[in-house]
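What follows is a short report on a single structure.
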Amino acid sequence: MEDHPPLTNLESACSDLKTLIKSSQNLQTHLQKHDDNFSTLQESLTVASRRLAPLQSLSIASKALETRINRAVSPALVLIDGFKISESLQRKLVDISTKLSVQKSENKRLRLLIKYVDCVDKLNIAINLISQEGGPAIQRLQEVVEFLSRTKATDQFRTHRLRETLVTLKALYETEVEYMKFDGLLDEALLNLQDEFEGILLQLRHHNIGVQVDDRGGDDGGEVADVTELGTEMEVEVLRRISETLTSNDCLDICIDIFVKVRYKRAAKALMKLNPDYLRTYKPEEIGQMEWESLETSITLWTQHFELAVQTVFVSEKNLCNQVLGNIMDGMVWQECFVKIADKIMAVFFRFGEGVARSNKEPQKLFKLLDMFNSLENLKTEFYDIFEGEAGADICTRFRELEKLLVHASTKVYWEFGLQIEGNQDGLPPPQDGSVPKLVRYAINYLKYLTTENYTEPMAQVLRTEQIWKAGVLSTRESDENLLKDAILNVMETLHRNIESKRSGYKDKVLYHVFTMNTYWYIYMRTRNAELAKLLGEGYMRKNYKVVAEEAAYLYEKQAWGGLVRLLDKQDVSEGGDAKGKIEMFLKGFEEVAQRHTSRYSIPEADLREQIKEATVKLIVPAYSEFLDAFSSVLDVKSYSSPKSIEGLLGQIFSGNDRKSLIGSRRQEIKDRFEGRNSVSLDTEQML
């Protein structure tokens, strides 16, 4: 075999295969045994599983029951915790309230109030949580008790204890929650907060109101203290917190009522410090019956008080409203509250203004109406900002209506003033002494005052507004200066017609010229260098008034003194008797003219009187002196008044003083001379 190695290898391989096959058989046998063991084990497990199945179901049922009980008990526990928290907060409220009642320091009280409000807010949250969660929690607990009672899933002892808990919790919820919400410490705390809210609001006063009016009325225009902020930051913060707490506890209406009532009282009381008796004494329909001095003063006070109310009192009140109530309902409440505070006060101011505008249209009211209008115009932008939005729409509307009334009243007063001048032509007779009529004096001073800086702009604005109303917004607009100029010219022309009508009533030609000279000279001189003359133009004033006055003065000289000068014409004298007759006629005529000047003629303007005197002296004295010199040979010159005496007498005639006694003495002297030339007479020069 050693000689055949392949065979040896085959035999060896065959032996190995046999061994392998035998091992496989043994393995198969072992596997069969294991399979039998696994079958036995599986049967055992199946039996065990069948035996454990009831326990598994019981375990699952127990877990489900536990989950169900926990779902019911957990909210109940939260509810119980809520009651505990509520009780703790109530004790804290009582403690803070006790401290508040004895605390005197204002700052410490305010800090305690902040804590008090915080505690009230937390108590409110706790009670709301109890109220909201209590019902569902009790319902779930009741369902579990009923389930356990019905299924007997637990022993009777546990079910009984759970049922007792349910009854106790339900009774507590039904009795305590309503009490805590409406009759308990929360309700008492809310009442306390309302009282504190009102008390703090009452403490916030407007200061220096009377001083501020004095400053505004002064010539120096002193600075006005900033009084737009009411209360300290801490006071405002406490008020804001209280208002929000009251709102969250369904007390918004009460909060608003308190705020409006108290702040209206404070605002009204602040304005009452100004003593606005005119607002209380007269009803709107009675304003027209007021004495002018009283009405004038009342309108001045109304303008000052109205401006102060808007710019100071209401600005302060609006800021306070915004600070305290601005966060409530997304800022929808505070503006209405502010308007409620201001509405009654503004209504009183509006009623007075409307009463003035609707009262009888006397000329002197124009300037006060313009003051009122100008005040409203200056306030308009600020007023609309203060009373902005829908809440202030009614007040803004009434403001505009008052402005309209003032525009209508101002223009009507002005145009009726012109009509009154026009209608006066057939009224009172012209002045008997030729002086300037009171109507002319009044009208010129009236127009001068109207064209001053204070009234030019408001009057032009009133006229422009009236023009827009009549012609429409799209009409061509004149400049303010032209509008005012045309309006002034209208009255000046009416006044001119009145003067012409008056002077035509004089039968005395000298008096006619005296009146013309006086009146037109007065108008020219009173308006010279004034805004009225600048507005109408120097050319217009010179042509229509100065030139007319100068012409009247010339005609006056000619009419009053020209006849006397003609008596002294030397060419008509042929002998001494004629000279004596002429000189005596001159002196007698001089006496008559002097008497007329004393009793009938008046030249009140000093500058005009001086000019007329100088012109008369130049006209009379040289002619008298030349006549005496020419006939000194046939006349006893010393027995007649000297030229200087005549000049002195003319000076006295035009002196503007009481001339009756002087002229009487002079008349007696001339009479004595006529009765006897040899009698001793007073030297007229000694009289002068």
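A salt bridge is defined here as a Lys NZ or Arg NE, NH1 or NH2 lying under 4.0 Å from an Asp or Glu carboxylate O, and K318 with E388 meets this definition. For the pair E317 and R266, the salt-bridge criterion is not met [side-chain N within less than 4.0 Å of a carboxylate O].
For NZ of K618, the number of neighbouring non-hydrogen atoms (other residues, nucleotides, ligands) closer than 6.0 Å is 12 at most.
Between H305 and Y278, the distance separating the two ring centers is shorter than 6.0 angstrom.
Neither side chain, N544 nor Y520, offers a donor N or O lying under 3.5 Å from an acceptor on the other. The closest side-chain donor-acceptor pair between T494 and R497 falls under 3.5 angstrom. In the model, T452 has no side-chain atom that pairs as donor or acceptor with a side-chain atom of N454 under 3.5 Å. When only modelled atom types and interatomic distance are considered, N490 and W415 share no side-chain donor-acceptor pair under 3.5 Å.
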>> Please evaluate residues R398 and E401 with respect to the criterion salt bridge (charged side-chain N to carboxylate O under 4.0 Å, His left out), reporting the C-alpha separation (whole Å), side-chain torsions for both, the decisive distance (0.1 Å), and the verdict.
In response: CA-CA 5 Å; R398 197 159 181 184; E401 290 300 321; over 6 Å; no
>> Could you go through R400 and Y384, starting from their C-alpha distance and side-chain angles, then the distance that decides it, and tell me whether this counts as side chain to side chain contact (heavy atoms under 4.5 Å, CB included)?
In response: CA-CA 10 Å; R400 287 190 294 270; Y384 288 161; 2.8 Å; yes
>> Before you tell me yes or no, could you show the steps for E336 and K340 under salt bridge (charged side-chain N to carboxylate O under 4.0 Å, His left out), namely the whole-Å CA-CA distance, both residues' side-chain angles and the distance that decides it to 0.1 Å?
In response: CA-CA 6 Å; E336 292 185 6; K340 287 181 181 179; 5.4 Å; no
> Can W521 and K546 be said to form a side chain to side chain contact (heavy atoms under 4.5 Å, CB included), step by step?
Replying inline: CA-CA 6 Å; W521 186 257; K546 185 180 181 183; 4.3 Å; yes
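Ring geometry, F306 versus F350: the interplanar angle falls from 30° to 60°, so the pair is classed tilted. By the 30° and 60° cut-offs, the orientation of the rings of F197 relative to F259 is tilted.
Checked by atom type and distance alone, the side chain of Y264 never pairs as donor or acceptor with a backbone atom of K344 at under 3.5 Å. R609 places a side-chain N or O within 3.5 Å of a backbone atom of P604 that can act as its donor or acceptor partner. Judged by distance alone, the side chain of E235 and the main-chain N or O of T232 form a donor-acceptor pair under 3.5 Å. Without hydrogens or angle criteria, R526 side chain to N445 main chain gives no donor-acceptor distance under 3.5 Å. Side-chain N or O atoms of S243 include one that pairs as donor or acceptor with a backbone N or O of V324 at under 3.5 Å. Side chain of N378 to backbone of N374: a donor-acceptor contact under 3.5 angstrom is found. In this structure a side-chain-to-backbone donor-acceptor pair under 3.5 Å is present from H597 to V593. In this structure, N518 contributes its side chain and V514 its backbone to a donor-acceptor pair below 3.5 Å. Between the side chain of K361 and the main chain of S359, a donor-acceptor pair closer than 3.5 Å is present. Remark: the backbone N or O of E362 is not paired with any side-chain donor or acceptor of N360 at under 3.5 angstrom.
Of all heavy-atom pairs between W469 and H408, the closest is CZ3-N, 4.3 Å. For the residue pair L406 and A357, the shortest heavy atom distance occurs at CD2-CB, 4.1 Å.
Between the SG atom in C251 and the CD atom in Q194 there is a gap of 5.5 Å [rounded to 0.5 Å]. Rounded to the nearest 0.5 angstrom, L370 CG and Q461 CD are separated by 10.5 Å. Note that CZ of R503 is 12.5 Å distant from CE of M517, once rounded to the nearest 0.5 Å. The line from CZ of F387 to CG of D385 is 11.5 Å long, rounded to the nearest 0.5 Å. Of the inter-residue distances, the one linking I444 atom CD1 with K448 atom NZ reads 9.0 Å to the nearest 0.5 angstrom.
Under the side-chain contact (heavy atoms from CB on, under 4.5 Å) criterion, P284 pairs with R351, not counting sequence neighbours.
For the pair K502 and F515, the cation does not sit on the ring face, since its NZ or CZ is not both under 6.0 Å from the ring centre and inside 45° of the axis.
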